[in-house]
Protein chains: 2
Amino acid sequence: MFSKACEHGIKAIIYIATQSLQGQRAKIGDVAINSGSPGAFTAKVLGTLTKYNIVNSYTGPTGGFDMSVKQMRQIRMSDIVKIIDGDNIYNGCGLGLSECNESKPCPMHDKFSKVRAGIKDMLTKTTVYDLAKGLHEGKTVLIR
Amino acid sequence: MFSKACEHGIKAIIYIATQSLQGQRAKIGDVAINSGSPGAFTAKVLGTLTKYNIVNSYTGPTGGFDMSVKQMRQIRMSDIVKIIDGDNIYNGCGLGLSECNESKPCPMHDKFSKVRAGIKDMLTKTTVYDLAKGLHEGKTVLIR
DNA sequence: AATATTTAAGATAAATTTGTCCTAAATAAA
DNA sequence: TTTATTTAGGACAAATTTATCTTAAATATT
């Protein structure tokens with residue numbers, strides 16, 4: 001469904017958000033340990049997300065990553081997925097055709113587009129804050 | 001969503017089914033041309049699907065692939081996807097955790113499992129015949 | 001029986017994704 | 001100003017997926 005880069009990116013963002021809720025910046029090492037993801041790899045993904053103002057980064061001692069509550073509430077999972085994996089998941093053909101639409105559909109188009117709409121809807125309605133809250137309250141986990 | 005192997009496999013199966021509806025076996029070369037997929041690669045996927053009795057293969061002149069109408073009506077897209085891509089799409093965690101369930105869920109579990117159920121439902125309710133019919137009637141296409 | 005045609009299957013190659021490593025740049029603190 | 005710490009980013013490596021190539025096995029036809 002999502003690429004590994006995207007999975008790691010999402011987990012990292014959720015962890016950073018929970019730390020930010022506690023007034024703490026998260027260093028990439030902490031992020032890696034607490035989100036169960038490879039540090040250097042995740043660092044690159046966070047670099048991309050920083051460029052898009054999804055998360056904020058700071059160099060030097062006391063540096064790390066953080067998010068404002070405003071960011072957490074505004075940024076939707078659909079934004080993050082789109083930045084990392086592109087929008088193929090929202091618009092792409094289920095059978096990989098370069099184009100596929102109502103007027104010239106692939107055999108799965110009708111049924112597939114409904115599923116896709118469901119995914120998009122779900123990701124669009126879910127903010128970083130929504131997910132960070134569950135983790136912060138101990139109702140969900142990032143590692144197993 | 002699906003791997004390339006799965007996309008090519010599904011397209012190939014749908015093409016073979018339409019040919020079978022016309023009483024014709026499809027050779028791998030025909031399949032490749034008419035489903036827009038790489039022949040040798042798709043041949044391997046069809047080899048796997050043959051092993052699982054999704055499709056029938058015959059060697060020698062007049063050989064090729066075909067499906068009975070009974071097969072087309074019984075075999076669901078979920079069967080094909082499971083054989084090629086495994087059942088991660090039905091049961092896997094959206095964030096890639098090795099385990100993820102109600103009692104110890106990842107932050108996306110609740111919302112993600114609904115989406116997954118939608119995908120599974122769609123694939124389970126769609127048979128090869130359903131899709132082959134649309135292609136056979138010229139309502140859908142395999143190449144663009 | 002010989003031949004031509006087709007799938008089967010293993011080896012190999014190319015491309016993409018995932019992951020690591022190392023150096024540079026930024027910056028807080030001593 | 002020096003030092004230690006952290007992200008940034010390029011080069012590189014490993015793993016996986018996608019795709020090709022070649023030979024063997026099966027089989028219909030002559």
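- Note: CG (D85(B)) to C1' (dT17(D)) measures 11 Å, nearest angstrom.
- One can place NZ of K27(A) at 16 Å from C1' of dA26(C), the figure rounded to the nearest angstrom.
- Between K4(A) and the phosphate of dT17(C), there is no side-chain N or O to OP1/OP2 separation shorter than 4.0 Å.
- Residue-to-nucleotide proximity on DNA chain C shows that, of T59(B) and P61(A), the 5′-proximal contact is made by T59(B).
- Going from atom CG of D30(A) over to atom P of dT5(D) covers 14 Å, rounded to whole Å.
- Judged purely by distance below 3.5 Å, without hydrogens or angles, the side chains of D87(B) and N91(B) pair a donor atom with an acceptor atom.
- Across residues 33-51 of chain B, P38(B), A40(B), F41(B), K44(B) each have a non-hydrogen atom less than 4.0 Å from an atom of DNA chain D (numbered order).
- Mapped onto DNA chain C by nearest heavy atom, G64(B) and C6(A) fall at different nucleotides, with G64(B) at the one closer to the 5' end.
- What separates CD of E7(A) from P of dT18(C) is a distance of 8 Å, to the nearest Å.
- Between the P atom of dT6(D) and the CD1 atom of I16(A) lies a distance of 15 Å, rounded to the nearest Å.
- Nearest nucleotide to the I28(B) side chain, out of dT7(C), dG19(C), dA19(D): dT7(C).
- Of the candidate nucleotides dA8(D), dT18(D), dT6(D), dT18(D) has the atom nearest to the side chain of A5(B).
- Note on S57(B): a side-chain N or O is less than 4.0 Å away from OP1 or OP2 of dA8(C).
- The side-chain hydrogen bond (donor to acceptor under 3.5 Å, both in side chains) check on D110(A) picks up nothing, with sequence neighbours excluded.
- No continuous path of hydrophobic side-chain contacts links M108(B) to V141(A) [ILVMFWY only; heavy atoms under 4.5 Å].
- The NZ atom of K82(B) lies 15.5 Å from the CE atom of M77(B); values are rounded to the nearest 0.5 Å.
- In this structure, CZ of F65(B) is placed 14 Å from P of dT27(D), rounded to the nearest angstrom.
- Side-chain N/O atoms of D85(B) and S3(B) include a donor and acceptor closer than 3.5 Å.
- In this pair, F41(A) and H8(A) present their aromatic rings perpendicular. The plane angle is above 60°, beyond the 30 to 60° band.
- If you take CG of N56(B) and C1' of dA26(D), they are 16 Å apart, rounded to a whole angstrom.
- For D121(B) and T124(B), the side-chain atoms include no donor-acceptor pair closer than 3.5 Å.
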